[in-house]
Amino acid sequence: MKILVAGATGSIGLHVVNTAIEMGHQPVALVRNKRKVKLLPRGTDVFYGDVSLPETLTDLPKNIDAIIFTLGSDGQGRIGARAIDYGGVRNILRIFKDTPVRIGLMTTIGVTERLSTWNQRTEVHDWKRRAERLVRASGHPYTIVRPGWFDYNNDDEHRIVMLQGDRRHAGTPEDGVISREQIAQVLVSALTNDEAKNKTFELVAVPGEAQQDLTPLFADLQTDNPQKNDGVLDIDNMPLREEPDCIINELNLYSKKLTNLQP
């Protein structure tokens with residue numbers, strides 16, 4: 001597959017690029033900062049653009065089979081969360097609105113937790129959740145991965161566990177831990193696995209050896225309900241009827257299933 005990687009020079013994106021190559025795919029790295037290109041494997045295809053500026057994305061190659069989003073606004077507060085965590089997904093989906101692509105979106109464990117001081121200040125969870133909704137509404141086959149805390153796992157914690165419902169809201173590594181390499185492995189593997197299609201899950205690791213075959217893990221997950229536009233077991237604490245008109249309008253603009261998205 002030819003895979004566009006949005007966030008390719010970030011800490012997860014670099015692993016995604018390397019994993020995609022190892023699995024025989026052709027990654028196209030979407031890069032904003034030209035100085036970071038040297039971090040990528042030699043010979044990687046590169047496209048220069050800023051996900052928050054749609055005018056820089058108009059010439060993205062259209063012969064893409066899949067997109068993996070590993071975007072992160074990295075402490076840029078509400079403005080960054082809206083422009084990158086949400087806006088970056090929105091702007092790329094606009095380019096591929098009529099192109100059949102498979103999507104892998106990375107958000108975060110605890111994305112449905114809205115009342116923490118951190119989310120109240122940054123709204124990162126809320127904007128990442130809106131990005132999830134755009135992906136679900138797009139009509140493209142997708143997998144949404146909500147990883148636990150990056151690289152807090154001990155040396156013996158490699159056994160992958162996939163959870164649903166997003167009920168771990170401590171806001172600390174107690175919610176679950178996972179290595180960056182395994183996040184990349186799951187994101188890339190999901191693109192070619194029918195059992196991962198249209199599923200949303202939290203990703204953590206527990207003591208034990210890593211599984212070689214992820215298909216049974218994907219198969220055990222429930223598929224999202226297309227009528228609800230949230231993860232299948234998510235808490236209903238951000239109802240569409242309470243969303244701003246601009247968000248509803250954008251959902252409907254990107255949606256292949258307009259009737260499902262009325263507030």
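Asn193 meets the side chain to side chain donor-acceptor pair (under 3.5 Å) test with Thr215; sequence neighbours excluded. Scored by the side chain to side chain donor-acceptor pair (under 3.5 Å) test, Asn91 finds no partners at all (sequence neighbours excluded). Residues that satisfy the salt bridge (Lys or Arg N to Asp or Glu O under 4.0 Å) test with Arg32, not counting sequence neighbours, are absent from this structure. Checked against salt bridge (Lys or Arg N to Asp or Glu O under 4.0 Å), Arg167 has no partners two or more places apart in sequence or in another chain. Every residue was checked against the side chain to side chain donor-acceptor pair (under 3.5 Å) condition with Asn18, not counting sequence neighbours, and none meets it. Listed by chain and residue number, nothing satisfies the side chain to side chain donor-acceptor pair (under 3.5 Å) test with Gln164 (two or more places apart in sequence, or in another chain). Partners of Tyr152 under the ring pair (Phe, Tyr, Trp, His ring centres under 6.0 Å) rule, at least two apart in sequence or in another chain, are Trp149.
Clustering of Ile, Leu, Val, Met, Phe, Trp and Tyr by side-chain heavy atoms under 4.5 Å joins Val124 with Trp118. Applying the 4.5 Å side-chain rule to ILVMFWY residues, one finds that Leu115 remains a lone member of its cluster. Using a 4.5 Å cut-off between side-chain heavy atoms of Ile, Leu, Val, Met, Phe, Trp and Tyr, Val111 forms no hydrophobic cluster with any other residue.
Nearest approach of Phe96 to His140, heavy atoms of both residues: O-NE2, 3.1 Å. Residues Ala170 and Asp175 approach most closely at N-OD1, 2.7 Å, considering heavy atoms. Residue Lys128 comes nearest to Leu71 through the heavy atom pair NZ-O, 3.6 Å, listed as atom of the first residue, atom of the second, then distance. Taking every heavy atom of both residues into account, Asp166 and Arg146 meet most closely at CB-NH1, 3.5 Å.
Side-chain contact check for Asp45 and Gln26: at least one donor-acceptor pair (N or O, by modelled atom type) lies under 3.5 Å. For the residue pair Thr200/Asp224, the side-chain donor-acceptor check at 3.5 Å is satisfied. Side chain to side chain, Asp85 and Ser73 meet the donor-acceptor criterion of an N or O pair below 3.5 Å.
Sorted by first and then second residue, the ring-ring contact (aromatic ring centres under 6.0 Å, His included) pairs involving residues 35-92 (not counting sequence neighbours) are Tyr86-Trp127.
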Please table the atom pairs, donor to acceptor, closer than 3.5 Å between any side-chain atom in residues 8-17 and protein atoms at least two apart or in another chain.
| residue | atom | partner | partner atom | Å |
| --- | --- | --- | --- | --- |
| Ser11 | OG | Arg180 | NE | 3.0 |

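Asn225 places no side-chain N or O within donor-acceptor distance of the main-chain N or O of Val232, the cut-off being under 3.5 Å.
Using a 4.0 Å cut-off between charged side-chain N and carboxylate O, Asp230 and Arg133 make a salt bridge.
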